[in-house]
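Below: the structure, in structure tokens.
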Amino acid sequence: MTNNILIYNTLSRTKEVFEPINAPFVGLYVCGPTVYSDVHLGNCRTFVSFDLIYRYLLHLGFKVRYVRNITDAGHLEGDRDEGDDKFAKKAKLEKLEPMEIVQKYTLGFHDVMRLFNALPPNIEPTATGHISEQIEMVKQIIDNGYAYEVNGTVYFDVEKYSKEHNYTLLTNRLLEDLLEGTRVLGGQDEKKGRLDFALWIKAKPEHIMHWPSPWSVGFPGWHIECSAMSNKYLGERFDIHGGGMDLAATHHTNEIAQSQACNHTQPVKYWMHTNMLTVNGTRMSKSAGNGFLPGELFTGQHPLLKRGYSPMAVRFFMLQAHYRSTLDFSNDALDASDKGFKRLMTAIALLNKLKPSGEKSGLDIQDLEKRCYAAMNDDFNSPVLLSELFEAVRFINSVYDGKAVVTESDLALLKKLMNNFVFDILGLQQEIPQSNDINKLMEFVIKLRNEAKAAKDYATSDKIRISLNEMGIQLKDNKEETSWSKI
RNA sequence: GGUCGGGUGGCCGAGUGGCUAGGCAGAGGUCUGCAAAACCUUUUACAGCGGUUCGAAUCCGCUCCUGACCUCCA
């Protein structure tokens with residue numbers, strides 16, 4: 001663990017050396033999905049990004065407690081803490097219990113994460129499972145004088161808070177400007193300040209999801225769950241809090257205010273924000289209707305898609321961009337990633353066929369390893385890591401072609417390196433299940449073809465090759481042997 | 001309007017002062033019965049205009065374009 005990791009901290013807007021509060025333990029909290037509908041690809045990008053970060057920290061030997069919540073209550077449709085609960089609305093629409101909605105989309109989310117080979121978090125707490133913790137936190141905030149109750153609803157007093165603390169430290173905006181932006185025309189607002197947000201909301205009669213509290217039968221505000229649950233599982237102050245950039249201005253700003261108001265301490269040392277996935281330069285989002293579901297992406301069943309792409313090709317596509325950059329989606333970009341991913345995987349499969357020789361390898365493997373770590377240490381720069389790994393790909397292919405040599409010790413090191421970085425850290429995996437049945441079958445077919453070739457019966461050998469090609473199997477002739485892969 | 005970003009070759013995407021990532025696509029070559037794969041070589045760059053510097057895609061200024069957030073969304 002001699003690596004110095006640099007992490008871009010939204011708080012300081014610079015890369016900072018990562019120093020865990022309690023090394024080797026690391027507390028990592030990531031805002032999870034609101035499970036009232038299917039996750040779309042943009043959501044997935046964030047979770048894949050943090051999966052990379054989690055995996056790398058684990059690889060380095062940190063004892064990471066990774067908490068990612070499931071928001072299953074309290075997230076309202078409209079702004080200003082009014083309107084319907086997202087779950088209740090969807091429940092009415094689908095004629096289901098709200099918790100059926102939650103269950104359905106939670107399971108769907110897990111399925112998708114599994115397809116993307118994202119490791120599950122250590123704890124995946126739900127808002128509904130932590131109502132009492134949220135109520136306790138709200139009580140404490142009221143006791144500390146930063147919240148007030150009106151007609152059974154509790155609001156956070158932003159203006160009071162901002163006199164003593166920097167409310168906008170994540171975004172650098174001026175409070176006055178915020179007030180400008182939220183000028184309310186309607187006069188029925190029961191909040192004291194325009195920026196105040198709800199910690200606890202009194203349920204209307206038609207509201208299905210509600211719990212008793214000291215103030216009313218109601219439900220928690222959206223932001224309080226993350227404060228309460230991160231506090232419970234990671235403590236008043238923990239290392240890394242992550243989420244999409246879109247959450248910084250409101251959700252995370254309010255999280256900080258709540259935790260600070262409750263515990264008198266800054267909850268998070270490093271705030272990390274992932275950038276958006278865009279389509280034609282515009283953010284993919286639920287409301288814009290330009291998002292597609294992972295299932296649609298895998299099958300290609302969407303007007304924007306010309307064909308389907310495998311989960312690993314998509315993961316590779318995401319890893320080819322840095323997590324803080326926007327990533328623009330297009331069929332061409334995914335085609336390129338798909339091919340690049342296959343090239344990487346093919347080379348790795350070739351590793352086991354390489355025969356070591358010589359005194360000195362054609363590539364400095366130790367130096368390559370250093371560069372790989374350097375890339376990841378620099379704010380988890382997976383695109384640079386991949387570019388280093390492709391240097392290894394070229395080398396592996398050259399050795400296989402007999403145009404370069406690798407020593408026995410370097411080959412072992414190379415295998416370890418590729419395994420560590422490609423599978424453990426980048427979280428990629430081979431997609432073709434190498435079942436014995438198909439392998440034996442292919443061995444047989446290849447043998448037939450090679451016999452035909454030996455007899456100069458090219459009509460037969462070409463027929464075999466072309467037919468296989470039409471079935472999606474590509475034969476690759478090498479000097480010594482013939483291998484195959486899926487196209 | 002405010003805050004924070006971005007404009008890199010055909011596409012995606014790294015890169016913050018000199019050594020000009022990477023993937024895909026294109027071109028030429030090697031290999032091959034053919035094809036593919038693989039390897040080697042290679043073309044089209046840093047929005048524009050000024051400035052700082054021996055030297056700028058990289059720093060500064062201005063202009064243009066564009067994105068996100070400020071209202072539910074990772």
Side-chain angles (χ1 to χ4, degrees), chain A residues 10 13 30-34 36-37 39-50 75-80 83 86 168 170-174 176-178 180-182 222 242-251 253 273-278 281-288 291 316-317 320-322 324-341 343-344 346-347 350 371 375 378 381-391 393-398 400-404 453 456 458 461-462 465-466 469 474-479 482-485 487:
Chain A
T10 310
R13 274 158 232 292
V30 174
C31 288
T34 303
Y36 70 101
S37 65
V39 287
H40 63 68
L41 198 63
N43 304 123
C44 294
R45 186 190 179 198
T46 293
F47 302 126
V48 167
S49 294
F50 283 105
H75 207 155
L76 297 179
E77 270 293 317
D79 57 347
R80 293 194 249 295
K86 284 184 170 177
T168 55
L170 269 184
T171 53
N172 264 359
R173 288 169 303 169
L174 296 171
E176 303 85 77
D177 294 333
L178 284 181
E180 282 291 309
T182 54
W222 173 36
M245 268 182 187
D246 52 339
L247 298 182
T250 307
H251 184 55
T253 293
H273 289 100
T274 58
N275 215 322
M276 300 293 110
L277 184 69
T278 61
T282 307
R283 172 188 175 185
M284 181 179 284
S285 74
K286 284 175 187 171
S287 53
F316 181 90
F317 166 69
Q320 269 192 310
H322 186 84
R324 279 191 292 113
S325 300
T326 54
L327 172 59
D328 199 46
F329 172 90
S330 69
N331 285 286
D332 287 348
L334 266 172
D335 279 340
S337 292
D338 185 47
K339 286 186 184 170
F341 169 67
R343 199 159 104 86
L344 178 63
T346 304
L350 233 41
R371 283 183 278 134
D378 187 10
N381 199 327
S382 55
V384 169
L385 170 62
L386 278 169
S387 81
E388 305 292 3
L389 293 175
F390 270 98
E391 195 155 317
V393 166
R394 211 177 311 119
F395 178 64
I396 291 166
N397 286 329
S398 291
Y400 184 67
D401 276 2
K403 289 168 183 164
K453 276 173 71 177
K456 296 206 192 293
Y458 294 125
S461 70
D462 283 355
R465 173 172 58 75
I466 292 162
N469 201 276
Q474 179 70 58
L475 292 182
K476 298 167 183 178
D477 289 333
N478 184 267
K479 271 178 188 157
T482 301
S483 59
W484 63 278
S485 68
I487 297 170

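To find a chain, count down the sequence lines: A is the first, B the second, and so on, and within it residues start at 1.
Base contact: A:H40 has a heavy atom under 4.0 Å from a base atom. In this structure, A:G32 reaches the sugar-phosphate backbone alone: every heavy-atom distance under 4.0 Å involves primed, P, OP1 or OP2 atoms, never a base. As judged by a 4.0 angstrom heavy-atom cut-off over every strand, A:L334 is placed among residues making no nucleic acid contact. Using a 4.0 Å heavy-atom cutoff across all strands shown, A:N275 reaches at least one base atom of the nucleic acid. As judged by a 4.0 angstrom heavy-atom cut-off over every strand, A:L475 is placed among the base-contacting residues. Using a 4.0 Å heavy-atom criterion, one finds that A:M245 contacts no nucleic acid atom at all. Among the heavy atoms of the strands lying under 4.0 Å from A:S285 is at least one base atom, whether or not backbone atoms are also near. Across all strands, A:G243 comes closer than 4.0 Å only to sugar-phosphate atoms, never to a base (heavy-atom distances).
In this structure A:F50 satisfies the ring pair (Phe, Tyr, Trp, His ring centres under 6.0 Å) test with no other residue, sequence neighbours excluded. Every residue two or more places apart in sequence or in another chain was checked for a side-chain contact (heavy atoms from CB on, under 4.5 Å) with A:K339, and none qualifies. Evaluation of the side-chain hydrogen bond (donor to acceptor under 3.5 Å, both in side chains) rule for A:T482 yields A:D477 as partners, not counting sequence neighbours. Applying the side-chain hydrogen bond (donor to acceptor under 3.5 Å, both in side chains) test to A:N469 and every residue at least two apart in sequence or in another chain returns A:Q474. Qualifying side-chain hydrogen bond (donor to acceptor under 3.5 Å, both in side chains) partners for A:T168, counting only residues two or more places apart in sequence or in other chains: A:N166. Qualifying side-chain contact (heavy atoms from CB on, under 4.5 Å) partners for A:D328, counting only residues two or more places apart in sequence or in other chains: A:T278. The side-chain contact (heavy atoms from CB on, under 4.5 Å) check on A:R394 picks up A:E391, with sequence neighbours excluded. Taking A:A333 as the reference, A:F317, A:S330 meet the side-chain contact (heavy atoms from CB on, under 4.5 Å) condition, with sequence neighbours excluded. In terms of the side-chain hydrogen bond (donor to acceptor under 3.5 Å, both in side chains) criterion, A:S461 has no residue partners (sequence neighbours excluded).
Atoms CG (A:L344) and P (B:rA38) sit 12 Å apart, rounded to a whole Å. Between the CZ atom of A:R324 and the P atom of B:rA14 there is a distance of 10 Å, rounded to whole Å. Separating the NZ atom of A:K476 from the C1' atom of B:rC39 is a distance of 14 Å, rounded to the nearest angstrom. Atom-to-atom, CG of A:L327 to C1' of B:rA14 comes out at 13 Å; the value is rounded to the nearest Å. Following rounding to the nearest Å, A:D246 (CG) and B:rU71 (P) show an atom-to-atom distance of 13 Å. Taking atom CG of residue A:L277 and atom P of nucleotide B:rC12, one finds them 13 Å apart after rounding to whole Å. Spacing between atom CG of A:N478 and atom C1' of B:rA35 amounts to 15 Å, rounded to whole angstrom units.
Atom C1' of B:rU3 sits at a distance of 16 Å from the matching atom of B:rU71, rounded to the whole Å. One P atom belongs to B:rC64, the other to B:rU52, and the distance between them is 23 Å to the nearest Å. Annotation: B:rC70 and B:rC54 have their C1' atoms spaced 46 Å apart (nearest Å). For the P atoms, the distance linking B:rG17 with B:rG67 amounts to 30 Å, nearest Å. Atom name C1', nucleotides B:rC40 and B:rU53: the rounded distance is 39 Å, in whole Å. Comparing the C1' positions of B:rG10 and B:rC46 gives a spacing of 16 Å, expressed to the nearest Å. Separating the P atom of B:rU44 from that of B:rA36 is a span of 26 Å, rounded to the nearest Å. Here, B:rG7 and B:rU63 have their C1' atoms 14 Å apart, quoted to the whole Å.
Comparing A:H251 and A:T278 by the nucleotide of RNA chain B whose heavy atom lies nearest to each, the residue mapping closer to the 5' end is A:T278. The residue among A:C44 and A:D328 whose nearest nucleotide of RNA chain B is located toward the 5' end is A:D328.
Residue A:N43 has a polar side-chain atom (N or O) positioned under 4.0 Å from OP1 or OP2 of B:rA74. A close approach under 4.0 Å does occur between a side-chain nitrogen or oxygen of A:S325 and OP1 or OP2 of B:rA14.
Side-chain N or O atoms of A:R13 include one that pairs as donor or acceptor with a backbone N or O of A:L170 at under 3.5 Å. Although no hydrogens or angles enter the test, the distance criterion places no donor-acceptor pair under 3.5 Å between the side chain of A:R45 and the main chain of A:G244. A:N381 contributes a side-chain N or O that, together with a main-chain N or O of A:V384, makes up a donor-acceptor pair within less than 3.5 Å.
Contact of the A:L344 side chain with the A:L386 side chain is registered, since non-hydrogen atoms from C-beta on lie closer than 4.5 Å. Side chains of A:C31 and A:L247 form a contact here, defined as non-hydrogen atoms less than 4.5 Å apart.
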RNA chain B base-pair string [pairs: Watson-Crick or G-U under 3.5 Å; |: paired with another strand]: ((((((((.[[[..)..(...]]].(((((.......)))))....[[[[[..)....]]]]])))))))....
Would you tabulate the nitrogen or oxygen pairs shorter than 3.5 Å linking the protein to nucleotides 29-33 of chain B?
residue : atom : partner : partner atom : Å
B:rG33  : O6   : A:S461  : OG           : 3.3
B:rG33  : N1   : A:D462  : OD1          : 2.8
B:rG33  : N2   : A:D462  : OD2          : 2.7

Heavy-atom protein contacts under 4.0 Å, nucleotides 18-24 of chain B, coded B base, S sugar-phosphate only, - none: ---BBBS
